[in-house]
Each structure stands twice: as structure tokens, then as C-alpha cells.
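Let me begin by presenting the structure, written as C-alpha cells, before commenting on it.
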Amino acid sequence: MRNTIILLFIGFCILISCNDDSKEYLVGEDFINLDSKLVLIDTLTLLTATIQSDSIITSGTNRILIGAIKDHEFGDLKSQSYFTLAPKEFYIDENSIYDSIALILRYDRYYYGDTINPLSYNVHEIIDDFEPKDKDQTQFYNTSYLNFKDEILGEKSFIPYPNKKDSINIILNHSFGENIFKKIQNKTIENINDLEKIFKGITIIPNKTSNNVLGFKTRINSELGASVIRMYYTLDDGLNSDNDRFIDFEIREIFNNISNNKSSTLLSPITDSEYILPSIDTNNQMYIQAGTSLNMRLEVPFIRDLTSLESENGGTVMNATLKMYPNPDNHGSKISAIDSLKVLIIDNKNRIIKQVIGPDGNPLYATLKSYDEELNFDYYYSADITSFIEEIQTSTYLTNYALLFQMPNNNKSVDKLSIYDSASNKESRMKIELIYLLY
């Protein structure tokens, strides 16, 4: 490596390791000209941190998400689901006799945590109108809630089987179902507005001692069906013996309240969306979790100083590839399901500016790759952030932009990752491999 290039890097706080970490190549005459050089840099200074974004919208999520997880690193998590339901038609024959009512929750195969031990769910009846408490809002967030009756409408203890074509059947209070049945039958309830006067919806609360979160279907699927409240009755027409009937109350609106308690973790200093918790204070790791919107923040502070490398004829960034390595202790076997991370640009107050655009012109995602088998770390995430580097470097004004990484299914799962920062050991350290062309 030429000494002049090393001195330039040191002079502008771009830390380059000699011999192994930075290389300089002559570019062939057919490419540009004989004197052109490609400089490879993989030791740019990176400032990394964990942040917690503002509340995320969970309205309209096509997943009922229920459960609780104790986690000494990310914080104890709880997900409670709220939804309102109605039948497709409001008619019951006058000769019908009420039998029973049940909530049927159909697995959608999503789960996180331990599925070996028994779980317990309690169903309660909502007493608030199904609308956000803040009248200026039109959607529900992961922090939203509605008041409900203390009385348990139904309860169930069970061992989950989320990978089977199966469902959970929770018997609901007999008189609750009979009351609605009679009001539909005698035409007191003839439409949704009538129904909402006496039935606002239900919420499902997990037992705090459970250690998993399960997902259930909200919409009809040809393979799995949908979760419903099913009212059973018999039609007494005096003709047929097989007169068992039912009415399904289908989900109309839903949101999930997802909370986490970080008070006993290294993440406890995060109190609002503007707080930036450096990775040096969290064991050289950054934390990402869906549902609670814990996200990773990455800033490249000295990228504008690359212009100092330019020769008399100038220079340009040819490619900038980010590589980052997850801590295997935190993702476990779920890593294959977290095949990408959304990449966004944020400002100095962690406000989202836009999503990064990749070289193909589409929104950019950091994608999961297989790693070198000779090393201990089996996976890493890779993202071509050339457009971001160019935007920072060529901007006519000084920007305070950084990159934010979050789960693509941020509002309907509780998947989690922790990523090693650039100060971690050499095999797993985060780095940007940047190729710079000197003309």
C-alpha cells in the first residue's frame, strides 16, 4: 500500500489497517485509463446504537398476536389482541333453539418462544366503542388499548401446536351467547349498528407466566380458514333430525397491544424515540425487535472526508456494501425466517426521512447470506448502501442522516435480533466494504 494513501486516511479519521484491510489496484486501460486505481476500504468509522421508534400502527394487521415472553436482554414482552366481530347476515329462524357459543382461534403457523409448556388465555368483553381514545387518530397503535369487563368471558389452558392445521376452541359464557342469539332472532339486532350497542368486541389476554407468542388467522384462507366466534343452535322444523346449525361472527377490525418492560435491561435508558443508546453501552451490540419497534441505528460520520483521497482528476465511490453479523444466542433457529431487514434514512432526531433505494431502483433490504463455513458465524446480512454514501458525500449541505434497520413485518411479529458492532471481534465485526475509484 502506498504511504501517501495511508497518511490521507489517518488524517481524516478513516481508520485503515495496512496490508490486510485496504488494498489498491491498478485499473486496466480498457476500463478508464492506465493510471486509475481502485482503493478497497473496510475500516470506516461506524457509529452504531439502539433506538426505539415511535408507536407503530397495528390496525388492520392480518394476525392475532397473543403471548408473553420473559427476556433479560430485550425486556419482558406482552401482546394482547383486541377485535370486533359480526355475522354476514342477521337472521335466525324463529324455530331455532340456542345451544352454545365458542371462540375458534386458527393458527397461522407463526410462533416465537417455547411451545412445549401449557398456556392460558382469558377472553374479556370490551366495553369501549371500538375506536382510538385519541379522537385525532384514525388507527390503533401497539400502545393503544380499550377498556374491558373484569368478568372472564371464556378461558382456556392448552399446549400449542402452531405447525399443525389445528385450532383452539374456547367456550364462551352461555348467557352472553344466548342474549345475542335471542336479539337477532327477535330482530332487535338487524345490522352492525344494532349489534355494536350491546357487543363491542373482545380482547384476549395471555397468562403472564407463558413464554411464547402465537399468531392466529384473522381472514379466510383456503387452507386454514379464519378465526371466528361461532354460535351453535338447532333448527326445530319437525322434519329433519340433522338440524345442527351455526353462525360465524367474523373479525371486522383488529389491533394488537404490544409492550415491553426494559427496566432491568441494558436498554433501560431508552425513554423516548429521540434517545440514542450507543452500542458501546450495550455489550457492543445493537438490538432489533418487531412489535416493540426496537431498531438499529448506523451513522458513517466521516464519509464526506473521502473526497480528500481524490487525485487531480477526481474520484468516485464505485460500491459500498454493508456486512453485519447477528449474535446467534439471540436469534436461535428463527434466523432463517428473518431473511431481510428494512433499511431507512433517519435524521438526527431519529425521524424517518425515506427508505433507501437499492441499485435495482427498488426499496433496499439488508438480506440474509450464508457465511464462510470455516468461521463460527454462519450468517450475515448484506446491503448495497452505495446510494446512501453518495447522497451524504455529494450533498451541498452538511447532513446528519443515519441508517435505520428494522424488521419488515414490524407490526405483526415479535421477532428479534442483536447485531455485533464494528468494535466486536474481527470475525463478526460490522463493516462497510467500500470501493473508491481514483481517476
What distance separates Asp166 CG from Asn169 CG, expressed to the nearest 0.5 Å?
10.5 Å
Taking side chain to side chain contact (heavy atoms under 4.5 Å, CB included) as the definition, give me every residue that meets it alongside Asn173, ordered by chain and number, with sequence neighbours left out.
Glu151, Leu153, Ser175, Phe176
With the side chain counted from C-beta on, respond yes when Met286 and Phe405 share a heavy-atom pair under 4.5 Å apart, and no when they do not.
no
Checking Lys183 against Lys197 for the side chain to side chain contact (heavy atoms under 4.5 Å, CB included) test, could you report, in this order, the C-alpha distance in whole Å, the side-chain angles of both residues, the deciding distance, and whether it holds?
CA-CA 12 Å; Lys183 288 186 181 321; Lys197 292 176 183 177; over 6 Å; no
Glu274 CD to Ile276 CD1 distance, which is reported to the nearest 0.5 Å:
9.0 Å
For the pair Asn142 (side chain) and Ile56 (backbone), establish whether a donor and an acceptor sit closer than 3.5 Å, ignoring hydrogens and angles.
yes
Return the minimal non-hydrogen interatomic distance between Leu172 and Leu103, and the atom names on each side.
CG-N, 3.9 Å
Between Ile64 and Phe83, is any pair of side-chain heavy atoms under 4.5 Å apart?
yes
For Thr84 and Lys200, indicate whether the former's side chain and the latter's backbone hold a donor-acceptor pair under 3.5 Å.
yes
So, Asn261 side chain and Ser263 main chain: donor-acceptor pair closer than 3.5 Å or not?
yes
Student check: side-chain heavy atoms of Thr386 and Pro359 closer than 4.5 Å
no
Report yes if the side chains of Tyr110 and Leu65 come closer than 4.5 Å at any heavy-atom pair, otherwise no.
yes
Please determine whether the number of non-hydrogen atoms from other residues, nucleotides or ligands lying under 6.0 Å from atom NZ of Lys182 exceeds 12.
no
Might you point out which heavy atoms bring Pro326 and Tyr420 nearest each other, and give the distance in Å?
O-CE1, 3.8 Å
When you measure from the side chain of Glu250 to the backbone of Ala86, do you find a donor-acceptor pair of N or O atoms at a distance under 3.5 Å?
no
If the test is ring-ring contact (aromatic ring centres under 6.0 Å, His included), which one of Tyr91, Tyr233, Phe249 qualifies with Phe181?
Tyr233
Using a cut-off of 6.0 Å, state whether more than 12 heavy atoms not belonging to Tyr145 lie near its atom OH.
no
Using atom types as modelled and distance alone, determine if a side-chain donor or acceptor of Glu190 lies under 3.5 Å from a backbone N or O of Phe90.
no
Value for CG (Leu298) from CG (Leu46), rounded to nearest 0.5 Å, stands at 5.5 Å
How long is the gap from OG1 on Thr48 to CD on Glu299, to the nearest 0.5 Å?
10.5 Å
Donor-acceptor pair, distance only, cut-off 3.5 Å: does the side chain of Asn193 make one with the backbone of Glu196?
no
Quick one: does any side-chain atom of Thr282 pair with a main-chain N or O of Leu266 as donor and acceptor, under 3.5 Å?
no
Under 3.5 Å, is there a donor-acceptor pair linking the side chains of Thr203 and Gln80?
yes
Run the side chain to side chain contact (heavy atoms under 4.5 Å, CB included) check on Leu294 and Asn260 step by step: do they pass?
CA-CA 10 Å; Leu294 280 172; Asn260 71 331; 4.1 Å; yes
Determine whether Ile104 and Arg106 make a side-chain contact, defined as any pair of heavy atoms from C-beta on separated by less than 4.5 Å.
yes
Is it the case that Asn319 and Asp384 place a side-chain donor and acceptor less than 3.5 Å from each other?
yes
What about the rings of Tyr287 and Phe74, do their centers lie closer together than 6.0 Å?
yes
Lys323/Asp42 salt bridge by N-O under 4.0 Å criterion
no
Looking at Tyr161, is its backbone amide N or carbonyl O close enough to the side chain of Tyr107 to form a donor-acceptor pair, meaning the two atoms are under 3.5 Å apart?
yes
Asn147 versus Asp128, side-chain donor and acceptor atoms under 3.5 Å:
yes
Decide yes or no on side chain to side chain contact (heavy atoms under 4.5 Å, CB included) for Ile198 and Ile180, but give the supporting numbers first.
CA-CA 8 Å; Ile198 66 165; Ile180 296 176; 4.3 Å; yes
My understanding is that only one of Arg63, Lys412, Lys217 makes a salt bridge (charged side-chain N to carboxylate O under 4.0 Å, His left out) with Asp108; could you say which?
Arg63
Are any non-hydrogen side-chain atoms of Tyr112 and Ser413 less than 4.5 angstrom apart?
no
Using every non-hydrogen atom in the two residues, find where Thr50 and Gln285 come nearest and quote the distance to one decimal.
OG1-O, 4.2 Å
Is it true that Asp71 and Lys416 have a side-chain N and a carboxylate O under 4.0 angstrom from each other?
yes
Under the criterion ring-ring contact (aromatic ring centres under 6.0 Å, His included), I'd like the reasoning laid out for Phe388 against Tyr401: C-alpha separation, chi angles, the key distance, then a yes or no.
CA-CA 9 Å; Phe388 172 73; Tyr401 289 168; 7.7 Å; no
When rounded to the nearest 0.5 angstrom, what distance separates CD in Gln355 from CG in Leu404?
10.5 Å
Do Phe130 and Tyr82 have ring centroids that are under 6.0 Å from one another?
no
Can you see which heavy atom on Tyr98 is nearest to which on Gly177, and at what distance?
OH-CA, 3.4 Å
Does Ile280 have more than 12 heavy atoms from other residues, nucleotides or ligands lying within 6.0 Å of its CD1?
no
Indicate yes or no: at least one non-hydrogen side-chain atom of Leu341 is less than 4.5 angstrom from one of Met407.
yes
Using modelled atom types and a 3.5 Å cut-off, is there a donor and acceptor pairing between side-chain atoms of Asn257 and backbone atoms of Ser144?
yes
Check against side chain to side chain donor-acceptor pair (under 3.5 Å), Ser273 and Asn350
CA-CA 7 Å; Ser273 61; Asn350 299 327; over 6 Å; no
Looking at every heavy atom in both Ser268 and Lys262, which two are closest together, and how far apart are they?
CB-O, 3.2 Å
Gln393 versus Ile303, closest heavy-atom pair with distance:
CG-O, 4.1 Å
Would you indicate whether the side-chain heavy atoms of Pro206 and Lys78 approach each other to under 4.5 Å?
yes
Checking the side chain of Ser422 only, and the main-chain atoms of Lys431 only, is there a donor and an acceptor separated by less than 3.5 Å?
no
Whether the Ser157 and Ser120 side chains hold a donor-acceptor pair (N or O, under 3.5 Å, no angle test) is what I'd like checked.
yes
Evaluate the criterion side chain to side chain contact (heavy atoms under 4.5 Å, CB included) for residue pair Phe140 and Asn256; output intermediate values, then yes/no.
CA-CA 8 Å; Phe140 292 99; Asn256 296 307; over 6 Å; no
Spacing of Asp415 atom CG and Ile338 atom CD1 [to the nearest 0.5 Å]:
4.5 Å
